[in-house]
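We use all heavy atoms of the structure for the numbers below, so side chains are in, but hydrogens, waters and symmetry mates are not.
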Amino acid sequence: MVNMKNLGLGVASMALMQQVAASGIIAQVVDATDFCMFLPPPGITGLPLSDNEWDAVSYCMGNTPKATGAEKMPDGFVLSAHYVATDAYVQVTGQINPTKAGLLASDEGGQCDVAAPQGSSCAGWQYYVNLIEPANNIYCMRCCNDQTNCNRGISQDGCARVVPGDYSGPLTGGAGLPTTTSTPSGGSSSVSASVSASSSVSVVSSVAPLSSSVAPPSSAAAQASSGASGANSGSTSQQSVSAQSVNGANSLLSAKTVAGSALMAVALAFTL
């Protein structure tokens with residue numbers, strides 16, 4: 001006869017073990033100042049990211065209470081952050097200084113997702129995809145509930161295709177480092193603005209949900225700055241989107257969420 005008391009204790013112990021095992025490999029994306037990404041474990045430096053995809057751990061900045069056991073994001077690592085939230089996903093993209101995290105500056109990058117590190121996740125979502133590209137000084141993190149928006153099978157194409165978005169920031173001139181905000185894929189108007197390292201700019205731009213299932217333009221700069229368009233990009237007329245851009249840490253202007261064919265977002269961009 002089954003001892004229900006022992007069975008209950010066994011189930012509780014298993015749940016606790018699973019929670020402990022997941023500690024440190026849970027990420028969370030809240031907004032442009034509160035988010036996580038995956039990096040090599042503390043003490044591992046100067047190696048290609050692909051060598052540490054399986055044992056990567058979550059590093060967070062700001063307030064991310066669901067990312068239990070996460071490490072603190074290295075100071076000075078994130079140079080800019082551009083947050084977008086739609087009905088289908090949330091994402092943050094931007095520029096990094098790889099040396100602040102002990103990364104190999106010439107490394108073309110690595111990808112973490114629900115398969116590696118094993119058991120990892122993005123709180124509140126079924127899937128995530130996170131690429132770090134030290135050689136291009138960019139990163140991207142997207143969390144979603146479907147494998148179309150979180151396409152884990154095209155990591156070789158980099159952030160520009162896996163997570164189309166805004167990669168502007170204080171750095172300019174490198175591959176994947178555009179100086180303009182993303183362009184809309186279905187809106188009736190668009191506005192772009194440069195973000196320099198020495199100015200504080202209030203940017204109004206058209207923003208539409210971006211799908212990683214759409215092939216990017218030919219040039220690297222255009223890839224990272226353009227949104228997906230066409231039939232594969234989803235029904236933009238039925239979705240809502242909010243956006244927020246940060247090139248510093250002193251103040252924020254959260255974007256208003258607007259639904260309709262012309263999706264508009266307000267973002268405040270300013271220099272570190």
Side-chain angles (χ1 to χ4, degrees), residues 18 22 25-32 34-38 53-54 56 58 60 64 66-67 81-94 109-133 138-167 182-187 206-217 223-244 255 257-261 263 265:
Q18 290 176 339
I25 54 174
I26 301 174
Q28 185 177 7
V29 175
V30 179
D31 55 33
D34 307 283
F35 65 91
C36 312
M37 66 180 84
F38 288 87
E53 291 175 356
W54 292 97
S58 179
C60 305
T64 54
K66 295 182 180 179
H82 306 282
Y83 169 82
V84 174
T86 77
D87 298 335
Y89 61 80
V90 294
Q91 71 178 47
V92 61
T93 58
Q111 174 178 301
C112 288
D113 51 54
V114 292
Q118 188 174 9
S120 62
S121 65
C122 179
W125 301 88
Q126 292 183 342
Y127 302 97
Y128 80 91
V129 60
N130 176 204
L131 282 79
I132 311 290
E133 299 181 32
I138 60 174
Y139 71 92
C140 54
M141 176 70 169
R142 177 182 281 188
C143 308
C144 49
N145 288 326
D146 65 90
Q147 297 187 68
T148 299
N149 284 301
C150 284
N151 192 335
R152 300 183 291 117
I154 54 173
S155 60
Q156 70 278 1
D157 294 332
C159 277
R161 181 175 181 187
V162 180
V163 185
D166 188 347
Y167 290 88
S182 58
T183 55
S185 63
S206 294
V207 181
L210 308 173
S211 172
S212 58
S213 64
V214 180
Q223 285 177 338
S225 63
S226 64
S229 61
N232 292 330
S233 63
S235 176
T236 58
S237 63
Q238 298 300 318
Q239 293 194 12
S240 62
V241 61
S242 62
Q244 179 189 67
T257 301
V258 182
S261 60
L263 299 174

Side chain proximity check, Cys140 to Arg161, heavy atoms < 4.5 angstrom: no
Thr93 (side chain) donor-acceptor with Asp166 (main chain) under 3.5 angstrom: yes
Candidate pair Phe35 and Met141, rule side chain to side chain contact (heavy atoms under 4.5 Å, CB included), full reasoning: CA-CA 9 Å; Phe35 65 91; Met141 176 70 169; 5.8 Å; no
Flag, side chain of Arg142 to backbone of Tyr89, donor-acceptor distance under 3.5 Å: no
For the student: nearest non-hydrogen atoms of Tyr167 and Val163, plus distance: OH-O, 2.7 Å
Distance-minimising heavy-atom pair for Trp54 and Ala115: CZ3-O, 3.1 Å
From CD (Gln126) to SG (Cys143), nearest 0.5 Å: 12.0 Å
Within-4.5 Å side-chain heavy-atom neighbours: Val30 and Tyr83: no
Backbone N/O of Ala32 and side chain of Gln244: donor-acceptor pair under 3.5 Å: yes
From Gln91 atom CD to Cys122 atom SG, the distance as rounded to the nearest 0.5 Å: 12.0 Å
Heavy-atom pair of closest approach, residues His82 and Gly94: CD2-CA, 4.2 Å
Heavy-atom closest pair, residues Asp146 and Thr148: OD1-N, 3.0 Å
Heavy-atom closest contact (Val162 atom, Asn151 atom, distance): CG1-O, 3.7 Å
Cysteines Cys144 and Cys150 with SG distance under 2.5 Å: yes
Val90 vs Trp125 side-chain heavy atoms within contact, under 4.5 Å: yes
Gln111 side, atom CD; Cys159 side, atom SG - distance, nearest 0.5 Å: 9.0 Å
More than 12 heavy atoms of other groups within 6.0 Å of Gln156 CD: yes
Least distance between heavy atoms, Gly124 atom then Asn145 atom: O-OD1, 4.3 Å
Asp113 CG to Ser120 OG distance, which is reported to the nearest 0.5 Å: 7.0 Å
Note, Val92 side chain near Tyr139 side chain (heavy atom, < 4.5 Å): yes
